[in-house]
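Below is one structure, written out as structure tokens; the observations come after it.
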Amino acid sequence: MSVLETQFSAQAVVVTPIPTVSRDRIICAVKQAEQRIAPLWPLRNFVAVNPFLGLADVPFATAAQLLLGRAGARMTAPRAFYARLISDGRITDADLATAIAEHSSLRHAPKGVAELKAFAFSDTTEATYPVLPTVADVASTLTGINWADVVTDAISTWAGAYFDLGQSYWRSPWAQLPAYAAWRAEAMHDRSPQVRGLGLRQFRQTVQEFPETALETIVAAVKILQIPDDGLEPYLHRLLITIHGWASYARYLRWNAELYGGEDSTLTDLLAIRIVWEVALWKSLAGKGLAEAWHKRKQELSDVRLAEHVQRALAGDILLQRAFEKSYQRQLFTQLGSKQTATVVQQRQRKRVQAAFCIDVRSEVFRRALETVSSEIETIGFAGFFGFPIEYVPLAEVHGGAQCPVLLTPQFVIAETVEGKPEQEVAAIVAKRAMNQRVAKAWRMFKFGPVSCFGFVGPVGLAYVRKLLLDTLGITRPVPHPAQFGLDARTRAHVAPTLDPWIIDGRTTGMSIEQRVAAAAGALKAMSLTDNFARMVLLAGHGSTTVNNPHATALDCGACGGHTGEANVRVAVRILNDSEVRARLCEQGIMIPNDTVFVAGLHDTTTDDVIIFDKHLIPASHAADLKQLEADLAAAGRLARTERAVLFKLDRKDRIDKAIRHRSKDWSQVRPEWGLAGCAAFIVAPRDHTAGIKLDGRAFLHSYNWQQDTDFSVLELIMTAPMIVASWINLQYYGSTVDNRVFGSGNKTLHNVVGTLGVLEGNSGDLRVGLPWQSVHDGSKYVHEPLRLHVLIEAPIDAMTAIIAKHEQVRQLLDNGWLYLFALDDRGNVSHKYVGHLQWEPCGT
Amino acid sequence: MGSELVQTGALLGYLPSLLLIAVALLAASNVLHSVDLTFQLGRLIGIGSFLLFLGIGMVVFTSGPMVSPIIGSGEIGLQIRFDALSVLLLWLVIVLGTLLIQFSRNYLNGDPRQKVFFLRLYLTIAAVLLMISSGNLWQLVLAWIGTSLALHELLTFYPERPRAIRAARKKFIVARVGDLCLIIAAVLLFRDFGTTDIGAIRDAASAALASGNIPNGAATAAIFIVFAASLKSAMFPFHGWLLEVMETPTPVSALLHAGLLNAGIFLVVRFGEVVFLSTPALMMLIAIGGFTAIFASSAMITQSSVKVSLAYSSAAHMAFMIMLCGFGAHTVAIMHLIAHSCYKAHAFLSSGSIIEYVRNTGAQRLDKVPHPLALLVNGALTVAIFLAVATALGIDVTKRPAETAMITIFMLAVAYLMVKGNTGKAPLYVISRTTMMAALVTVAFFILEVLAEALLGRAVAVYPTLNAPVLISVWTAVVVFAIVIILSSYLPALVNRPAWRAFYVHLKNGFYANTLFDRLIDMVRLAR
């Protein structure tokens, strides 16, 4: 009990700053530590992020060591997983041998296949390694009170209120201040630390004594805590890991600010807040033995050598992971090699339909199905925004989401309108929607107001019986879909993007004719689609249909910045069908025949239905083509559902369609679809070389014809944008699988949405990052097996080497083993593999 | 009163609980191996039980209460009582329970312990059914404790989560103190009235109140009933555990907030006649309920996470019902209980939709402060709506003072809706929509009030003649509620004043009650 009663006296601890740690060193370490954190996008456009983004500069194995020490994280699956694969024969002795041979430099690694096998099957508990200590950790051990959790909870509760994007009505009165200033102001009133046992007024006094700026606070705190020079970056990184989720969100704020040329120091603010807690604990408990304990434990910060058995375990795990990847490679390469395509691409016959889909792995299943349905359909793979980076402003709103990969900024603002209505009528509809929103808001205030909530529930609550029943049956959604809210059915059918200039909140929207032509030319070239146009060209974006799913946008199109691709394809089609645009494209050498019609569609990845937009814009001459296309899409949808049903364990063949559609409307469904689970390869080649191969929805497919890419600018684009995005997605799934506690968001049934920006697992704790456990695991096995991305590109090796050399980011990812790169020859067979340092080795097939 | 056959027929009421327990035991002992079968059976029992209770309800509403013979000997044993109160609540629990079973099928799909989840869910539902249908003190006390123990197993469904264990431990402590209060109350009641039959106790209490000859023990029991109810229904400062039990799958939160939390209100209403015997008990209900209602509903709007915000909302609604019980408005309290349960079950199950909800209604931010004149006009308009509706429905709102007070509070709430919708240069469309909604809410309110009294009037004590101290408490509560409503309307203008900034921090932290509880628990743990 005495531990709790802390009578701190300022004299108890003599603070002697170590003169050797300079301010510059500390600031440098802060920057390094911050750089290690990967951004976290808010749930309203939850884009996949590589959780190891800040570690790309070190080799995979080093990162594994580092994260073990700082987060207690695993970078490979549990050993039993690999052992099972060895027993099943999926990992062969040859795979193990290759893995060992490749990693001859790994210290303490099991040597020889037999030893590695024995390691895999050893039932010794996985090596545990004490993570680097924080003062809070040491205090927890010392007092038996979990101060580490207390600190994380306190910061998380504060951060939830501070960053809230619209859940609480009474927001933090300091929300407009920078994070550190806001936190300081609030700490002056907050009695929690004191009530929890941190001494009378002690906490507030500590806070007050620190400088007002975050950076200076960190500098001062580091000196008080006497962090050794070489332990600085590890210590600060470790601190950020204790509030990993919120730090990641702050990193996102910085990412976004920098994308638009600004800067943001919220992350530094959070680090300062966290380190003030360290000092407060240290001061408060110094007299109780914390000073000595900390003095002793902090040495661990600079001593990064891992015990030999830990190193051995790490190395062994990495070898097993590598061997598993080898086994996947074998299978993939064999599949590719089995296909005999004619070397000479003959003058192809004009196809009935060209259908372009997103490179997303879910498209692979559908594309294969569509090609099976009709040989007259050619499919194309391209990033789902189809080269139109837009901000799409929904009706009655003033800002919209950026519908492009997060590496880019939107180039155009496109407004939504109601098509075919005179201007005044559109204005009336807009006004009505805004008023509907206002009424809904008043109702929400009534529902959630202090005292008024009683007046709501008494008379209205009973009506929820009906809602409970209808939602359970999947007849209604728990809340109306945002895209449909406040519009009547008739209006909804006519809502469409407009390219015409308009002014919304002082910003001009729309695209000029020059912009339209440039965008169209860029998009067609990037798609390798500049001649031989079919009569009908379908551009199919994609989106998911789920209800009651906080992570819904994680299932939407990453290339559209976590939105559906609807707006992009509708804009694209309006431009590509425009006769003036076509005339000007002609001048640039892109001849689109008069009888070619572009059609906008959306592939619903949950149900594998494809809907066609704007049918009224399709000329009557193409009515029959459209009808045929719709029939083909429906047939392909059935095939695709049958294939996906296997993963859902739906055995009743006759009920597959119904069961899958029901999943998309089921409010209790935690696995409405499998998303990009399984993703393992990224193939950049003409479709001819992969068509007909069952890739099981595990490959991103990007159509690319290097012969048409004279200056390799398209190749450069592919290797710096889609390849990076694919790798981000792949590593997000990888991380969420191998250690969901650190890189994933945990159990979906516990999710508690905070500030509309993220989820907590349960009632408190840190904000969670990454994917829910349910998104990668079906309860009995991984549906996403952890594999680093295998990139296969059909292009001259020299061209690729030049691009790798030019882009440091790409080079780091490749050289440090975060993804694998292979070259394909003209027959679509794997010819070379990239082995790092701009070197290639031939691959025998 | 029905024939003896009908009374024996009341024993059928044990069937749902027994079947649920049987399935749970079969599943636990692995005789029942398949998760799907465990689910199918549970759902089947749920639907069957609903039909059974529907039938029993028909009998009760046409020919009066059914009380089973005691299973046991003499005064010791279990007994079922079906009257309007228990039947309405049984309908509620079995409907929600069945929906939760259905929900949990896909929601927990793939969880290696889904079967365990189902069996714990079944046990909890069974215990709640038994508690509601209690005919005597034995069954009431046992089932009361049983619900809490079964719930504990659900709360610790993920035993590897330290926060789950900590929250469940808090709940456990509070619940055991509550159990003790109930046992004391039961003993006192038995001593004074010499029976464990709930119906007989209520009759005896009514008689005592009418005669003015109030036994001391019963009056003390009333106070312990209030204690037990306050602990069970998470009144301040014992609400902390409620904010933390989201460490278990969402359906459990739904069940807890829509079901088990209500036990406190059920207890007070069940023993309404006893509670009326004690002026301090009534005043405590008003004070504890009133304070917690205001505290929790205000803290709710400072919370940024959906489930914690809903938890505060639940505590607020429980408190409001407790307060209504202090007013003697038991029928309205039960009406509120049923409505709240349906609402809250839906709110929890649909909590994953909050992002879409916020997108539809716009981010919550402080709006404009209403002009004082707007406040007056909207207030007057609301009064007019209420009077018009009451007159149209032939209700005399001044008949019983406590009822008038209760109606005033609902009127204040509706006035808030009017103010929120109709200020800040609201277009005519918005004004007409808001006013129409306000009118509909008022109509619904009065209809439900009348309906509740018609259905429950005989099974539940209503509106006793209140003495001066209680009446003063009642009207004090109304005045405070009015002040809070006005302050919330003016909140946007207040939030940046220094005192209100400080108040925000204290309120957001729940006045530190939970933090203190954490510290005490640590102290106890370390002292051992």
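The chains referred to below are lettered A, B, ... by the order of the sequence lines, with proteins before strands, and numbering in each begins at 1.
Looking only at heavy-atom pairs under 4.5 Å with chain B, the residue among A/Pro459, A/Gly779, A/Gly765, A/Gly755 that has the most is A/Pro459. Counting heavy-atom pairs closer than 4.5 Å to chain B, the top-ranked of the candidates A/Val753, A/Asp164, A/Thr756 is A/Val753. The choice from A/Met188, A/His481, A/Arg671 that makes the most heavy-atom pairs within less than 4.5 Å of chain B is A/Arg671. When A/Lys467, A/Glu397, A/Arg663 are compared by the number of non-hydrogen pairs under 4.5 Å with chain B, A/Lys467 comes out ahead. Put simply, of B/Ser104, B/Ser313, B/Ala316, B/Pro112, the one with the most heavy-atom pairs under 4.5 Å next to chain A is B/Ala316.
Looking at A/Asn752 and B/Val308, their side chains come closer than 4.5 Å, going by heavy atoms from C-beta outward. Between A/Asn436 and B/Arg433 the shortest side-chain heavy-atom distance falls below 4.5 Å. Considering only heavy atoms from C-beta on, A/Val457 comes within 4.5 Å of B/His317 through its side chain. The side-chain heavy atoms of B/Arg519 and A/Val195, taken from C-beta on, include no pair separated by under 4.5 Å. In this structure the side chain of B/Tyr504 reaches within 4.5 angstrom of the side chain of A/Glu186, judged on heavy atoms. At a threshold of 4.5 Å between non-hydrogen side-chain atoms, the residues A/Val460 and B/Leu440 do not count as touching. Residues A/His751 and B/Lys307 have side chains not in contact (no heavy-atom distance under 4.5 Å, counting atoms from C-beta outward). Looking at heavy atoms from C-beta onward, A/Asn763 lies out of side-chain contact with B/Leu243 at the 4.5 angstrom threshold.
Between B/Trp500 and A/Trp170, the ring planes are tilted. Angles from 30° to 60° get that label.
Across every non-hydrogen atom of B/Asn360 and A/Pro482, the tightest pair is OD1-CA, 3.0 Å. Minimum heavy-atom separation, A/Trp174 to B/Arg501: NE1-NH1, 3.3 Å. Closest approach of B/Lys508 to A/Thr157, counting heavy atoms only: NZ-O, 4.5 Å. Taking all atoms of both residues into account, the shortest heavy-atom contact from A/Asp190 to B/Val505 is CA-CG1, 3.6 Å. Residues B/His506 and A/Arg191 share a closest heavy-atom pair of CE1-NH1, 3.9 Å.
In this structure a side-chain-to-backbone donor-acceptor pair under 3.5 Å is present from B/Thr250 to A/Thr749. The closest donor-acceptor contact from the side chain of B/Asn106 to the backbone of A/Ser668 lies at 3.5 Å or more, if one exists at all. Judged by distance alone, with hydrogens and angles left aside, the side-chain atoms of B/Tyr429 form no donor-acceptor pair with the main-chain N or O of A/Lys432 at under 3.5 Å. When atom types are taken as modelled, the side chain of B/Arg525 and the backbone of A/Gly144 share a donor-acceptor pair closer than 3.5 angstrom. In this structure, A/Arg438 contributes its side chain and B/Val430 its backbone to no donor-acceptor pair below 3.5 Å.
Using a 4.5 Å cut-off between heavy atoms, A/Trp443 touches chain B through backbone and side chain atoms alike. Of the two parts of A/Asp471, only the side chain, counted from C-beta on, holds a non-hydrogen atom closer than 4.5 Å to a non-hydrogen atom of chain B. For A/Thr472, the part lying near chain B is the side chain, with the backbone staying farther off; criterion is any non-hydrogen pair under 4.5 Å. Residue A/Phe456 touches chain B through its side chain alone, counting heavy-atom pairs closer than 4.5 Å. If you measure heavy-atom distances from A/Ser172 to chain B, the contacts under 4.5 Å come from both the backbone and the side chain.
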Exercise for the section: Please test A/Leu750 against B/Met246 for side chain to side chain contact (heavy atoms under 4.5 Å, CB included), starting from the C-alpha separation and ending with a verdict. Expected result: CA-CA 7 Å; A/Leu750 300 176; B/Met246 277 73 82; over 6 Å; no
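You'll find the ring centres of B/Phe103 and A/Trp667 inside the 6.0 Å limit.
Rounding to the nearest 0.5 angstrom, the gap separating the CG atom in A/Asn747 from the CZ atom in B/Arg161 is 7.5 Å. Atoms OG1 and CG, from B/Thr98 and A/Leu468 in turn, are 11.5 Å apart once rounded to the nearest 0.5 Å.
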May I have the list of side-chain donor-acceptor pairs in residues 447-455 of chain A shorter than 3.5 Å, sequence neighbours left out?
{"unit_1": "A/Lys447", "atom_1": "NZ", "unit_2": "A/Tyr464", "atom_2": "OH", "d": "3.2"}
{"unit_1": "A/Ser452", "atom_1": "OG", "unit_2": "A/Phe446", "atom_2": "O", "d": "2.8"}

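Here A/Asp778 pairs with A/Lys649, A/Lys781 under the salt bridge (Lys or Arg N to Asp or Glu O under 4.0 Å) rule; sequence neighbours left out.
If you check the side chains of B/Ser350 and A/Asn548, you find no donor sitting under 3.5 Å from an acceptor. In summary, the side chains of B/Thr361 and A/Arg444 do present a donor paired with an acceptor at a separation below 3.5 Å, with no hydrogens or angles considered.
For the pair B/Arg163 and A/Asp153, the salt-bridge criterion is met [side-chain N within less than 4.0 Å of a carboxylate O]. Taking a cutoff of 4.0 Å between a charged side-chain nitrogen and a carboxylate oxygen, B/Glu356 and A/Arg477 qualify as a salt bridge.
For CZ of B/Arg113, the number of neighbouring non-hydrogen atoms (other residues, nucleotides, ligands) closer than 6.0 Å is greater than 12.
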